[in-house]
Amino acid sequence: MKFGGTSVGTGKNIRQVASIVSQYSKEYKIAVVVSALAGVTNKLLEVACQAKKGDEKLVKEFIYEMLQKHKEAVDSAITDKALQEKVSQIIGSIIAELEKVLTGICYVGELTAKSKDYVVSFGERLSAPIVWGAIQDNKLETQCFTGKEAGIVTDSNFGEADPLMNFTTHLVHERLNPLLEKKIIPVVTGFIAANQDGIVTTVGRGGSDYTATILGVALKADEVWIWTDVDGIMTTDPKIVSTAKLLPQLSYQEAAEMAIFGAKAMHPRALGPVSKENIPIRIRNSFQPEKQGTLITKEPLANTKKIVNAVAMIKDVAMLNVNGAAMVGAPGSYAKVFDVLGRNNINIMMISTAASEANISMIIKRGMLSRAISNIEIALQEKGGLVNEITYEDDVAVIAVMGAYMKGTLGLASKIFDIAAKKGINIRMIAQNSSELNISFVVKEKDGIEVVKAIHEEFNLDKT
Ligand code: ADP
Ligand code: ASP
Ligand code: MG
């Protein structure tokens with residue numbers, strides 16, 4: 001069972017988590033994975049950037065704020081005074097370490113991907129002991145682990161690391177299985193792990209879901225349950241469209257498609273390990289645990305032959321256009337562009353090319369834009385290279401329209417684009433992959449919510 005940021009966001013919520021664990025532990029052997037308290041990971045990243053600029057005063061203020069926030073959570077999550085004291089001490093010493101790390105960054109004025117991972121790891125390192133305390137408060141036996149201590153070993157791609165699955169399975173099995181056998185509940189930090197040298201890594205933003213499925217596979221779990229703050233995976237983000245409906249059942253492929261295209265309720269890479277092993281996932285609401293949520297298995301969406309069943313918006317992306325007359329009819333020219341981005345660890349989320357071959361448009365994460373431009377310029381534009389113009393738009397969003405029965409449906413794309421046109425919204429780029437599970441297009445970010453609402457309504461998704 002994995003509990004997300006909002007589910008462990010306050011002491012009261014953590015008590016609810018402990019009660020869910022307690023209830024299900026009567027029937028099942030459970031391993032628990034926890035996220036950082038809501039908002040903490042973002043704050044850690046912000047402060048790390050400020051620390052790099054030498055802002056020691058801000059670091060001090062932040063440390064005080066963190067201490068307050070986590071102490072408050074301890075006090076309302078745990079009733080037993082001795083236990084409260086014990087967890088408070090653990091929190092205090094972890095925060096003291098965080099202060100040293102951030103102060104160090106102030107002095108050296110450097111923040112590498114590696115040190116960034118170390119800083120953000122504190123979010124989960126602080127939440128796990130509180131959940132551990134709250135479970136003990138419910139008179140259950142439990143033990144707390146960091147991802148590294150649990151045995152999750154990754155490559156060294158800091159910020160987006162992937163597990164070395166064979167090694168991880170071996171270690172996790174060795175370390176956690178004996179506890180499960182004795183009905184001791186392991187509480188493991190989500191998101192963070194370590195490389196083979198023991199250096200802290202993270203598996204990407206929102207990665208606690210991934211930790212849960214990695215552990216699920218390593219422990220040969222019957223199911224992986226992702227407890228979050230909404231009822232499950234829905235027809236669109238319920239924060240955008242309040243009439244969004246729950247999708248009770250999805251296949252791994254459908255869920256992956258939705259996760260990649262912005263259904264934050266599930267981390268896209270999390271589905272990889274479980275789909276291979278055929279382990280079902282349930283996404284459930286920790287605030288309404290009586291609801292069944294979304295079940296993800298091999299089977300496609302049950303009881304519906306709807307052509308479109310979900311729509312999503314991905315923000316924080318940028319469109320990068322690379323033009324060059326020399327690219328026309330030159331075999332391997334796209335490969336050169338992709339190679340430059342790949343070597344610099346920049347993931348391309350969407351591609352569209354013109355038949356004239358003089359242009360490639362790509363969608364990448366907005367934060368990667370300057371790295372992408374500078375590297376393409378150095379590698380391919382300088383000294384009369386392949387590329388003669390690089391342009392970009394950094395205020396766009398991708399809208400993805402998804403459905404398992406889209407394949408071969410005539411006129412669907414034109415209907416979708418007509419909806420945008422009627423709203424006077426300009427489409428900047430279009431892509432449809434050959435699996436035809438998804439049509440994606442790019443609009444200005446300011447228009448995104450309006451298009452999502454219009455598509456949700458026109459395809460009657462609120463009547464699913
Ligand atoms: P957690 O902290 O539990 O991991 P996240 O914030 O990562 O939670 O993901 C849950 C959020 O995902 C929801 O609060 C919701 O706003 C957002 N979301 C976006 N699209 C969808 C969707 N199609 N279905 C469900 N939730 C969605
Ligand atoms: N705390 C991490 C994040 O905010 C991981 C997670 O919550 O899944 O990205
Ligand atoms: Mg999440």
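Counting starts at 1 for both ligands and their atoms, in listed order.
Neither the backbone nor the side chain of K245 comes within contact range of ligand 1; no heavy atom lies under 4.0 Å. Counting heavy atoms closer than 4.0 Å to ligand 2, residue E124 contributes side-chain atoms (C-beta onward) but none from N, CA, C or O.
A salt bridge links E97 with R125: at least one charged nitrogen is closer than 4.0 Å to a carboxylate oxygen. Between E160 and K365 a salt bridge is recorded (basic side-chain N to carboxylate O distance below 4.0 Å). Contact check on K422 versus D418 returns a salt bridge, with a Lys/Arg side-chain nitrogen under 4.0 Å from an Asp/Glu carboxylate oxygen.
Taking K444 as the reference, E393, D395 meet the salt bridge (charged side-chain N to carboxylate O under 4.0 Å, His left out) condition, with sequence neighbours excluded.
At the top of the distance list for atom 4 (O) of ligand 2, counting protein heavy atoms only, stands R205 NH2, 2.9 Å.
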**Asked** Hey, mind stepping through T154 and D162 against side chain to side chain contact (heavy atoms under 4.5 Å, CB included) and telling me if it holds?
**Response** CA-CA 5 Å; T154 66; D162 271 309; 5.9 Å; no
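Annotation for ligand 1: atoms under 4.0 Å from non-hydrogen atoms of G232 are 24 (N), 25 (C). Atom numbering of ligand 1 starts at 1 in the shown order; those under 4.0 Å from a heavy atom of M234 are 22 (C), 23 (N), 24 (N), 25 (C). Taking a cut-off of under 4.0 Å to the non-hydrogen atoms of T236, the atoms of ligand 1 that pass are 22 (C), 23 (N). Remark: ligand 1 atoms within the under-4.0 Å shell around heavy atoms of G5 are 1 (P), 2 (O). Interface of S35 with ligand 2, defined as ligand atoms under 4.0 Å from a residue heavy atom, comprises 6 (C), 7 (O), 8 (O).
Residue G207 has at least one nitrogen or oxygen atom sitting less than 3.5 Å from a nitrogen or oxygen atom of ligand 2, judged on distance alone.
Between the side chain of S115 and the backbone N or O of L111, no donor-acceptor pair lies under 3.5 Å.
Of all the listed residues (T41, D231, T228), T228 holds the heavy atom that lies closest to atom 3 (O) of ligand 1. Closest heavy-atom approach to atom 8 (O) of ligand 2 among the candidates S208, G39, A38, G5: S208.
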